[in-house]
Number of protein chains: 2
Amino acid sequence: MAREAMQKLTQWEDVRYFLAVVRQGSFSGAARALATDQSTVSRRIALLEHALGQPLFERGPRTVRRTPQAEALLDAAQAVERAVLAMEDAASRAEAEPRGRVRIALTEGLAQHVVVPRILPGLFAAHPELAIDLRTGDEVLDLARHEADVSVRFFRPARGELVGQRVARLPLAVLVAKRARKRWAGRSIGELPWTSYVKDDLETPESRMLARLGVGRTRLACSSVETQLAAVRAGLGVAVAPRALTLALPDLAALDLPEAPDLGTLELFVVTRAALRKVPRVAVVYDALVEALRALDPSRAEV
Amino acid sequence: MAREAMQKLTQWEDVRYFLAVVRQGSFSGAARALATDQSTVSRRIALLEHALGQPLFERGPRTVRRTPQAEALLDAAQAVERAVLAMEDAASRAEAEPRGRVRIALTEGLAQHVVVPRILPGLFAAHPELAIDLRTGDEVLDLARHEADVSVRFFRPARGELVGQRVARLPLAVLVAKRARKRWAGRSIGELPWTSYVKDDLETPESRMLARLGVGRTRLACSSVETQLAAVRAGLGVAVAPRALTLALPDLAALDLPEAPDLGTLELFVVTRAALRKVPRVAVVYDALVEALRALDPSRAEV
DNA sequence: TGCATGCTATGCAAAGTTGCATGGCACGCG
DNA sequence: CGCGTGCCATGCAACTTTGCATAGCATGCA
């Protein structure tokens, strides 16, 4: 070891570790984010501190606090990261064939019911050297930070270096298991066995909708949409969800409410980084997503 | 090994290798510049090419040619380097005490006769934690690229992020060994046994001066000023050099030419990067250099 | 107060990386 | 035209770095 203290970054790699610790707030967290071990983070940060000749973090058993020196370096470190990410994009731009890996960030439902069965088969067949990472989950991955290449989500993306489009407007409906349909037909809104999706008590389009209908806290609340739908298919209750879901799940049907309120629509967006839009491997994925997801939009389908 | 081809820079360190190969034009040269082995460069470039999914260099036995892909990445890579260098400067700015290492680029003569005997003793005594790298040589080290922190040279530095000042104007004189002085006293310019400093056939202030005096190719030409001065001290000839050298080398004296032409002056500059000027460890060195070198200027000394 | 939890630091064996030595190859010089 | 030189690729041993397991510590909760 024994790098001398001379204010020289002899290991550019360490900048990545520094940023991870700052963002995660702990060595352990940084290790998880970097897919490495906590001990490695600890040692590399120690080395970096020695190389720069100044302490960067105050280690506490419960927490890691940045020193003022670390604070002063943050901007510069982020500039390094931006430059590296820009270089990655520049590298992508040079490729000619759709090959390599594309990471798609999307919801579990879109992945299972649309992307996997309807899009991937054709994509893999058409481009043998293309590989796909499906990153499902509720956390919003940061396209700008290269956590994913393409994102399919139900909200308009933050702008910046991102480009994208709305591919479908999906009317919401009250979904119910077909075999339980007649049991609740004709009931009023207040009498229906509502289920809801609740994650960290955050507001969702669906929760806003329920509130608008006058439905309060539901008897069954799920922290994942999939579990919620499983409950509906088991006949436990009804859920507000895109009507288009009945295409993918034939044992579900829309329930016509007597009051017939407008349940609103979800807007589906496909987004990527501007620098990647023309990159072959991304372009084929992006285009396939847009084409297939447009078909979900009933207003478009009817035309 | 086995990083997958997915256009991701998993090893930021590799950017440094990429740039070194581009600049040196060969893996071996890059290895020398990076103080590592040629085999390491070869392997890391191969890894980088695989990680980016595209070839960067065409290997020939005699030469390495960049591919168009490498060309496209050059700007981005340099941006990464600039960001890293900026981060190093930011790290320096955070230090409070003059400690660490300062690299001074200067000529052999200035190092031996001025900096080492007159400046370093006081500097080391005043700042126990300060370390100095004296980088002598004729190649001009690049301050902007962090090859040195402070430079003492006989020409005005390229501007940019550099700051500095002229610390002395040193009149040139014809120097001769004292014990040989009377041998050549009174001789005309053309009759004197001139010596010269010739390096790669480049023009120097001294060579311009000789040409102006009408002196052509000299009998003794040296590729280092020190050797040339050794020859003069040995009584082999005379040399055009700053008159102030007689202060450091008492066995030399200035020879008064009968024609007494104006031999001109050399201008001595001390330069550093703007970002470092206020950094304690650099500031104490810079200030000591300026103060001591000013004393070499006769016009100032007489005041 | 005592226990459970999540954090960092460190010893140690395994894995990865480096440097050296070698081989092959093309160009330039005598 | 052969030889010398400088270049890149690769095998192998020494070294360095990594990941796992452990120990120590402070905080929060019962």
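In what follows, chains are A, B, ... by sequence order, proteins preceding strands, each numbered from 1.
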Would you say [X] places a side-chain N or O within less than 4.0 Å of OP1 or OP2 belonging to [N]?
X: A/Thr40; N: D/dG19; result: yes
X: B/Ser28; N: D/dG6; result: no
X: A/Arg65; N: C/dC7; result: no

Once you round it to whole Å, what is the distance between [atom2] of [N] and [atom1] of [X]?
X: B/Arg32; N: D/dG6; atom1: CZ; atom2: P; answer: 9 Å
X: A/Glu49; N: C/dA9; atom1: CD; atom2: C1'; answer: 13 Å
X: A/Tyr17; N: D/dT18; atom1: OH; atom2: C1'; answer: 9 Å
X: B/Glu58; N: D/dA9; atom1: CD; atom2: P; answer: 12 Å
X: A/Leu34; N: D/dT18; atom1: CG; atom2: C1'; answer: 14 Å
X: A/Glu13; N: C/dT17; atom1: CD; atom2: C1'; answer: 14 Å
X: B/Leu47; N: D/dT10; atom1: CG; atom2: P; answer: 13 Å
X: B/Asp14; N: C/dT17; atom1: CG; atom2: P; answer: 10 Å

Next on the checklist: Show me the pairs that pass salt bridge (Lys or Arg N to Asp or Glu O under 4.0 Å) and involve residues 18-29 of chain B, at least two apart or across chains.
Outcome noted: B/Arg23-B/Glu81
Checklist entry - Nearest to the side chain of A/Arg44, which nucleotide is it out of D/dT18, C/dC7, D/dT10? => result D/dT18
Item to check | Proximal nucleotide (of C/dC7, D/dT18, D/dG19) relative to the A/Thr36 side chain | outcome: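 Given the options C/dC7, D/dT18, D/dG19, the side chain of A/Thr36 is closest to D/dG19.
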Checklist entry - Between B/Arg273 and B/Glu161, is there a side-chain N and carboxylate O pair less than 4.0 Å apart? => result no
Item to check | Polar side chain donor-acceptor pair, A/Thr136 to A/Glu108, under 3.5 angstrom | outcome: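 Judged by distance alone, the side chains do pair up.
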Check [X] against [Y] and note the closest heavy-atom contact, atom names and distance.
X: B/Val41; Y: B/Ala30; answer: CG1-CB, 4.2 Å
X: A/Ala91; Y: B/Leu73; answer: N-CD2, 3.4 Å
X: B/Glu147; Y: B/Asp142; answer: OE1-N, 2.7 Å

Item to check | Residues forming a side-chain hydrogen bond (donor to acceptor under 3.5 Å, both in side chains) with B/Thr40, sequence neighbours excluded | outcome: none
Item to check | Residues forming a side-chain hydrogen bond (donor to acceptor under 3.5 Å, both in side chains) with A/Thr195, sequence neighbours excluded | outcome: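 Residues passing side-chain hydrogen bond (donor to acceptor under 3.5 Å, both in side chains) with A/Thr195: A/Gln228.
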Checklist entry - Which of these, B/Arg59, B/Arg66, B/Arg44, B/Arg43, sits in a salt bridge (charged side-chain N to carboxylate O under 4.0 Å, His left out) with B/Glu49? => result B/Arg59
Item to check | Derivation and outcome, side chain to side chain contact (heavy atoms under 4.5 Å, CB included), residues A/Leu110 and A/Phe154 | outcome: CA-CA 10 Å; A/Leu110 283 165; A/Phe154 286 114; 4.2 Å; yes
Checklist entry - So, for B/Phe27 and B/Tyr17, is the gap between ring centers shorter than 6.0 Å? => result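 Between B/Tyr17 and B/Phe27, which both carry aromatic rings, the centre distance is not below 6.0 Å.
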Could you pull out the protein-nucleic contacts involving nucleotides 20-27 of chain D (nitrogen or oxygen on both sides, under 3.5 Å)?
unit_1	atom_1	unit_2	atom_2	d
D/dC20	N4	A/Ser39	OG	3.1

Item to check | Strand-adjacent residues in residues 18-27 of chain B, judged by heavy atoms under 4.0 Å from DNA chain C | outcome: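 DNA chain C contact set from residues 18-27 of chain B: none.
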Item to check | Bending between helix ends of the helix from C/dT1-D/dA30 to C/dG30-D/dC1 [5 pairs per end, 10° resolution] | outcome: 20°
